[in-house]
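Following: one structure in structure tokens, then a few remarks.
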Amino acid sequence: MQRICFVLKVRPDRLEEYRERHRKVWPAMTEALCAAGWRDYTLFLRGDGLLVGYLVCEEFESAKSAMRGLSINAKWQQEMAPFFEDLDANPDDEMKPLEEVFHLD
């Protein structure tokens, strides 16, 4: 299993709406994430917009690839992209794993 952590930056003027959207994630989206192998997926948001994501999966590129082909994910990513600063692609493509340097089991 891989533990994946990534960071993105939410626009400060969109923080509350971003929080609200994640209080009401579409059931079809959560079902798709589970089916694609995303486990323990958690997002942490700091007041300045720093977003830290964490998940566990068998293999990250495969888990992302499984989501990439789904219409529900394409729709979600299209709606969420305007919330982020400095995106060159959709949010899924900007999820670059951080190097794990320590883990306490």
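All values below come from the heavy atoms of this structure, side chains included, with hydrogens, waters and symmetry mates left out.
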Do [X] and [Y] come close enough that some side-chain heavy atom pair is under 4.5 Å?
X	Y	value
F44	L50	no
W38	D40	no
L51	L43	yes
E58	Q2	no
K9	D48	yes
M1	C57	no

With rounding to the nearest 0.5 Å, note down the distance linking [atom1] in [X] to [atom2] in [Y].
X	Y	atom1	atom2	answer
K64	M95	NZ	CE	6.5 Å
S62	R68	OG	CZ	10.5 Å
L15	R46	CG	CZ	11.5 Å
M80	N73	CE	CG	11.5 Å
K24	R19	NZ	CZ	15.0 Å
E20	R14	CD	CZ	13.0 Å

| task | Quick one: do L55 and F6 satisfy side-chain contact (heavy atoms from CB on, under 4.5 Å)? Show the steps, please. | result | CA-CA 9 Å; L55 66 124; F6 62 89; 4.0 Å; yes
| query | With sequence neighbours excluded, what pairs up with Y54 under the ring-ring contact (aromatic ring centres under 6.0 Å, His included) test? | reply | none
| task | List for me each residue that meets ring-ring contact (aromatic ring centres under 6.0 Å, His included) alongside F84, sequence neighbours excluded, and say none if there are none. | result | Y18
| query | Taking all non-hydrogen atoms of both residues, which atom of A32 and which atom of M67 are closest, and how far apart? | reply | O-SD, 3.5 Å
| Residue list, side-chain contact (heavy atoms from CB on, under 4.5 Å) with R39, at least two apart or on another chain | C34, V56
| In terms of side-chain geometry, is the basic nitrogen of E16 or R23 positioned less than 4.0 Å from the acidic oxygen of its partner? | yes
| Do we get K75 above W26's six-membered ring, with its NZ or CZ under 6.0 Å from the centre and within 45° of the axis? | yes
| request: Taking atom NZ of K96 as the centre, report whether more than 12 heavy atoms of other residues, nucleotides or ligands fall under 6.0 Å from it. | output: yes
| said: If you count heavy atoms of other groups shown closer than 6.0 angstrom to CD of E85, is the number above 12? | reply: yes
